[in-house]
Amino acid sequence: MNVLDNFLKICRNKDIKGAIEFQKSLLSYLCLENRFKNFKSICSFDISYDKSSRKNFAVAILLSYIKLEEVERSVIVEKADFPYVPGLLAFREGPAIVKVFKKLRNKPDLLLFDGHGIAHPRGMGIASMIGILLDRPSIGCAKSRLVGDFTEPAQMKGSISDLLYKGRKVGHVLRSRDKVKPIFVSAGHLIELDMATDIVLRCCHRYRLPKPVRMAHRLANQVRMDSNRMES
DNA sequence: GCGACAG
DNA sequence: ATCTTGTCGC
């Protein structure tokens, strides 16, 4: 059984212990070097959850890089089975993300996630995990901290401070706009932190969150609300 | 035992 | 994540 099938099996079985062991086993595949450059496209994902039907509305949105114009999108709806457990987000969202990824006709050069990469208790957040499983460069971009310590970056857009965890620099705390709450950037897979941070900042136009993440978020919500309107 | 805890 | 109103600051 290959790694991806193993992952999906753990998700189906809601195997918490197995999930943690799986994350540890993926560490040997993780690459934190810049193995690619001149990205031509960037893809972000998001899931909107409907409480009453307990369904996940998952979307992928593929944009050109650096212009950030939409190239393609894909959507899928499925029942959410794995619970949300801090540190195991990828097992809740991963199966749907893999599906929307595979549904795309174009293959993205780079994946951008709403969540952490290596800034994680076991160094294996959703961005790193999915990057490995899909064999693509990936970046983690979270709205809040999961692990690590940091000092507040300066108030000006572009200001950065280090996110430190267990004596290691695992990410950047980035002020993506003047005076907004900072975001947390970490390497996912096949990329270095400095390049990841540069790319995320280039994706922050006039909002706090990078455009691909924001677009995915809005699309997922829109799809969920449209679906609920069909019900009534 | 207590506090922390991506989405 | 979702639920949920008004409200504070630039």
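Below, chains carry the letters A, B, ... as their sequence lines are ordered, and counting in each starts from 1.
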Any side-chain donor-acceptor pair under 3.5 Å between A/S159 and A/R175? no

With no hydrogens and no angle check, just 3.5 Å: does a side-chain donor-acceptor pair link A/D50 and A/S53? yes

[X] near the nucleic acid: base, sugar-phosphate alone, or nothing, with a heavy-atom cut-off under 4.0 Å?
X	answer
A/L88	base
A/Y84	base
A/R224	sugar-phosphate
A/G140	nothing
A/N56	nothing

Should [X] and [Y] count as side-chain neighbours, where that means a heavy-atom distance under 4.5 Å?
X	Y	value
A/I42	A/D109	no
A/I191	A/I139	yes
A/F57	A/D46	no

From the options A/E69, A/K40, A/E70, select the one residue that forms a side chain to side chain contact (heavy atoms under 4.5 Å, CB included) with A/S64. A/E69

Polar pairs (N or O, both sides) under 3.5 Å between protein and nucleotides 6-10 of chain C?
none

Aromatic ring proximity A/F184/A/F150, centre distance under 6.0 Å: yes

So, A/F91 versus A/F7, ring centres under 6.0 angstrom or not? yes

When rounded to whole Å, the CG to P distance for the pair A/L146 and C/dA1 reads 15 Å

Round to the nearest Å and state the distance from A/D50 atom CG to C/dT2 atom C1'. 9 Å

What is the distance from atom SG of A/C203 to atom CG of A/L68, rounded to the nearest 0.5 Å? 4.5 Å

State whether A/N221 places a side-chain N or O below 4.0 Å from either non-bridging phosphate oxygen (OP1 or OP2) of C/dA1. no

At the 4.0 Å heavy-atom cut-off to chain A, mark where contacts on DNA chain B begin and end, going 5' to 3'. B/dA4 to B/dG7

